[in-house]
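Following: one structure in structure tokens, then a few remarks.
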Amino acid sequence: MGPPLRRQRQGMIRPETDLGVSVGKMRLKNPIATASGCSGYGLELAEFFDLGLLGAITTKSITLAPREGHPPPRIAETRAGMLNAIGLANVGLEKFLAEKLPALAKYDVPVIVNVAGSTRDEYLAVARALDQAKGVAAVELNVSCPNVKEGGIEFGIDPKTLVGLVEAVRREVSRATLIVKLSPNVTDIAETARAAVDGGAEALSLINTLRGLAIDPWKGRPVLTNVTGGLSGPAVKPVALYMVRRVWEKVAGPKGIPILGLGGIQFIEDVIEFMRAGATAVEVGTASFINPETAPKLVESLREALGRLGCGSPRDLVGALQV
Ligand SMILES: Cc1cc2nc3c(=O)[nH]c(=O)nc-3n(C[C@H](O)[C@H](O)[C@H](O)COP(=O)(O)O)c2cc1C
């Protein structure tokens with residue numbers, strides 16, 4: 001793990017600091033969540049720590065039918081991150097509801113279920129079933145997956161298509177909080193953010209992966225079977241921070257919509273930077289592959305960091321950037 005905040009400042013630590021934040025109708029006990037696709041259905045992390053330590057966990061994308069995903073290799077390490085083209089491999093809605101969701105109910109943690117689809121009807125059917133299922137705190141619409149041929153990113157790039165999809169999903173989702181996860185593969189993310197909010201998103205999460213390519217120079221072939229993949233990890237952090245700031249200034253801040261920020265978060269400094277850019281909470285993705293305990297360690301460090309900054313709540317940091 002990265003540079004820990006100095007222990008000699010322990011005098012400033014306030015163990016009683018309330019780390020709670022609100023995201024739509026969800027009340028999170030702290031602003032640290034996991035990111036979709038980087039820790040399976042969440043249960044995979046339970047052998048390392050108590051999931052109840054986290055603000056929320058996010059499942060991998062769930063589709064109506066089970067999906068095998070792309071054939072391997074579907075992950076490639078890059079100099080400052082990783083490229084993936086998993087292709088939305090998952091057990092499908094029915095098995096998720098029957099097996100994964102009940103197992104998650106044992107933990108005192110809100111569950112954000114990420115949803116993907118190839119057609120609008122598929123999104124609607126999955127979202128409807130999840131809204132009716134006990135134990136789903138939020139539906140996070142993945143309209144930004146760069147690794148599938150149909151659907152996925154196509155829904156998240158054109159603001160008109162996006163607003164239509166979100167409006168339709170909104171009619172199906174009333175109990176759970178509706179989060180829309182935005183793609184960075186656009187000219188101006190404020191436009192898709194606005195479309196998502198106009199359609200009825202109660203929160204926005206950003207960013208998904210940036211489209212990329214890895215080539216084996218000696219074999220003269222792409223490293224991934226899918227040819228292209230999505231870039232994540234430290235390499236994307238400055239892009240993600242910029243986009244969180246842009247969305248916060250143009251859409252989320254003025255409209256009072258919370259942002260879940262993600263992209264390369266590994267150290268407590270990253271969390272503080274994302275919150276200062278405008279995120280109310282964050283999601284930890286690729287860093288969980290380096291150490292599955294990254295997210296709970298960030299919760300611990302956040303308390304210490306807030307004391308050091310003299311903040312009574314993480315909410316004090318949201319958007320706090322002197323320009
Ligand atoms: C292996 C892998 C699988 C992913 N699967 C999904 C997914 O199923 N749905 C989704 O919305 N995002 C998925 N993502 C994107 C992450 O949730 C996140 O948006 C992105 O990786 C940036 O955050 P990070 O740099 O902290 O990983 C995946 C990322 C990785 C690395």
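Counting starts at 1 for both ligands and their atoms, following the listed order.
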Charged N-O contact under 4.0 Å between D18 and K29: no
Is it the side chain, the backbone, both or neither of [X] that has a heavy atom closer than 4.0 Å to ligand 1?
X: C38; value: side chain
X: N84; value: side chain
X: K181; value: side chain

Is there a polar contact between ligand 1 and [X], counting only N or O atoms under 3.5 Å apart?
X: E140; value: no
X: G264; value: yes
X: T209; value: no
X: N114; value: yes

Path from V251 to V163 over hydrophobic side-chain contacts below 4.5 Å: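 Hydrophobic grouping puts V251 apart from V163.
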Option whose closest heavy atom lies nearest to atom 9 (N) of ligand 1, chosen from S61, G233, G285, A35: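 Going through S61, G233, G285, A35 one by one, S61 has the nearest heavy atom to atom 9 (N) of ligand 1.
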Y123 and F155 aromatic ring geometry - parallel, tilted or perpendicular at 30°/60° bounds: perpendicular
Partner of D270 under side-chain contact (heavy atoms from CB on, under 4.5 Å), chosen from I265, V282, L241: I265
Pair S205-E140, side chain to side chain donor-acceptor pair (under 3.5 Å): steps then yes or no: CA-CA 8 Å; S205 53; E140 180 180 63; 2.8 Å; yes
Ligand 1 contacted by I207 (non-hydrogen, < 4.0 Å):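 Yes; I207 lies near enough to ligand 1 that a heavy-atom distance drops under 4.0 Å.
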Interfacing atoms of ligand 1 (cut-off 4.0 Å, heavy-atom, T286): 24 (P), 25 (O), 26 (O), 27 (O), 31 (C)
V23 to A203 - nearest heavy-atom pair and separation: CG1-CB, 3.7 Å
Minimal non-hydrogen separation, V223 against I215, with atom names: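 Smallest interatomic distance, heavy atoms only, reads CG2-C, 3.8 Å.
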